[in-house]
Number of protein chains: 2
Amino acid sequence: MSGQILIVDDEAAIRRLVRGAVERGGLTADEAANAAEALTYARRPGCELVLLDLGLPDRDGIELIPHLKALDRTVIVLTARDAIAEKVAALDLGADDYVVKPFDTDELLARVRVALRRHNSSPAGHDRLRAGAVEIDLNEHKVWRDGELVKLTRKEFALLAELTRHAGKLLTHAHLLRTIWGDGHVEDVAYLRVAIRALRLKLEVDAASPSYLMNEPGIGYRLIV
Amino acid sequence: MSGQILIVDDEAAIRRLVRGAVERGGLTADEAANAAEALTYARRPGCELVLLDLGLPDRDGIELIPHLKALDRTVIVLTARDAIAEKVAALDLGADDYVVKPFDTDELLARVRVALRRHNSSPAGHDRLRAGAVEIDLNEHKVWRDGELVKLTRKEFALLAELTRHAGKLLTHAHLLRTIWGDGHVEDVAYLRVAIRALRLKLEVDAASPSYLMNEPGIGYRLIV
DNA sequence: CGATTTGCGTAAAGAACGCGTAAAAACGGC
DNA sequence: GCCGTTTTTACGCGTTCTTTACGCAAATCG
């Protein structure tokens, strides 16, 4: 299972220090020592935030920022370089925050929390989302329909969560497959069909004529609000 | 007219400095010298982001954070207090960033841009195109004619999108065939005819005498704006 | 000036596709 | 080894796409 936070730094000591801070906050972490590894881990579903050192052996970390943002990951740059120009460049490229080494682990953790708070909840605050009769708690991994608790499997929940986060929007097969099953399964539309059906059976009034989880033939699925 | 940015600081010199930075970035600003004023300005519609000094004469700025967040304003704390505990407290109370004085105005502006980018990107980027009575949303794969939703198939949509992207311009058979059907079907003009007809039936007032999807004999098609 | 060609619109039939559905096989945690 | 979950496979059905054919008008040509 992949962690929520990805720590990218070539020095093992730093990685350990950061990981300590992150785990103290109850979060899970992966580690990468170079740019190539970083991209591999960042692509894994479940990865939300990347703590990025700029001084990597194979590539300048700053080049990674656009790639990470394209994956919809939050990026906090964590580096010894404190030149203003560098900060501005990183932030303008899409970085969400910029912390200069040496840093305090408490402050880092606080900034990580800020970033995650934002990432997980567009209507700022709680991690409860509602779309129509369905309510979903992202932290508690619980789902209600008309106030009644519904039991979902992990995949079902992940799929519903992704659809709910972008309620009303059309999400492509590829997007859903990538976010929930990972890069290797972008073509496995069958997974999606089976999972969607399971959700419909549990959430729709009549699974045979859905009014909530809608299909856009050839494109993807959309959750109606 | 209220500005997008509210600068809260009891020192006029600081306010002027910050305002300079903000306006250099093409943004407008209001100023408040104490907590009471700050709340008044923050309540005004159009205010998106508050740059908040913590050392205010009437109240501790940190107490303002929850109020500002309740108004759904982005908050960047901008203060001389650099105690870690203070940073963590402010961030956990809902502040979006924390910048310690003395700060560099370029970095501040970059952080303001980051915050605004985020603030404005939640009601996500519609890329919608319009050509005459027809409006088309490329992300949502939806098309309206005179405000009324029209249902298109994939190929129809792709064709209309390509024509709309280059509205008014003449697109050759080969170009359209290549972009929608791929390299292998550059010669299959029949596809194009069938698809164009389907679009006309759905979008034109009278498909038999088109006024919107025009043919340029021997060359290609053009969408009239 | 009439015959022929060329390109377009139109219609309709068959093939291919995508989806829903079901159920069996493989997997993984306890 | 068992039970719930996930993956894999298969089939029917409706929709969409492709293919083919024909009529018509304008352009081309003898």
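Letters A, B, ... are given to chains in the order of the sequence lines, protein chains preceding strands, and every chain is numbered from 1. Any value given below was found using the heavy atoms of this structure, including those in side chains, with hydrogens, waters and symmetry copies removed.
- Atom CZ of A:R193 is separated from atom P of C:dA23 by 18 Å (rounded to the nearest Å).
- Side-chain N or O atoms of B:R200 include one that pairs as donor or acceptor with a backbone N or O of B:L213 at under 3.5 Å.
- The CZ-P distance, from A:F157 to D:dT6, rounds to 13 Å in whole Å.
- In this structure, the CG atom of A:L192 is 14 Å from the P atom of D:dT8, given to the nearest Å.
- Nearest to the side-chain atoms of A:A190 among the listed nucleotides D:dT18, D:dT9, D:dT19 stands D:dT9.
- More than 12 heavy atoms of other residues, nucleotides or ligands shown are found within 6.0 angstrom of NZ on A:K101.
- As a whole-Å value, the separation of A:L159 CG from D:dT6 C1' is 14 Å.
- Nearest nucleotide to the side chain of A:T153, out of C:dC19, C:dC8, D:dT5: D:dT5.
- Among the atoms of the strands shown, none is found under 4.0 Å from any heavy atom of B:A195.
- The side chain of A:W181 approaches D:dT7 more closely than any other nucleotide in the set D:dT7, C:dC19, C:dC8.
- The minimum heavy-atom distance linking A:A131 with A:T164 is given by the pair CB-CG2, 4.5 Å.
- The OH-P distance, from B:Y191 to C:dC17, rounds to 11 Å in whole Å.
- Comparing atom distances between the A:K151 side chain and each of D:dT5, D:dT7, D:dT16 picks out D:dT5 as nearest.
- Spacing between atom CG of B:L201 and atom P of D:dT16 amounts to 14 Å, rounded to whole angstrom units.
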| said: Does B:E162 form a side chain to side chain donor-acceptor pair (under 3.5 Å) with B:H175? I'd like the steps, not just the answer. | reply: CA-CA 10 Å; B:E162 183 61 16; B:H175 171 84; 2.8 Å; yes

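- In this structure, the CG atom of A:L199 is 13 Å from the P atom of C:dT21, given to the nearest Å.
- Between A:Y221 and C:dG20, a side-chain N or O to OP1/OP2 separation shorter than 4.0 Å is present.
- Regarding A:N215, its CG atom lies at a distance of 17 Å from the P atom of C:dC17, rounded to whole Å.
- Side-chain proximity of A:R197 to the nucleotides C:dT10, C:dA22, C:dC19 is greatest for C:dA22.
- In this structure, the nucleotide among C:dC19, C:dG18, C:dT21 sitting nearest to the side chain of B:R154 is C:dG18.
- Residues A:D104 and B:K87 are not paired through a salt bridge, judged by the lack of any N-O separation under 4.0 Å between the basic side chain and the carboxylate.
- Along DNA chain C, the nucleotide closest to A:V194 and the one closest to A:H173 are compared, and the more 5′ of them pairs with A:H173.
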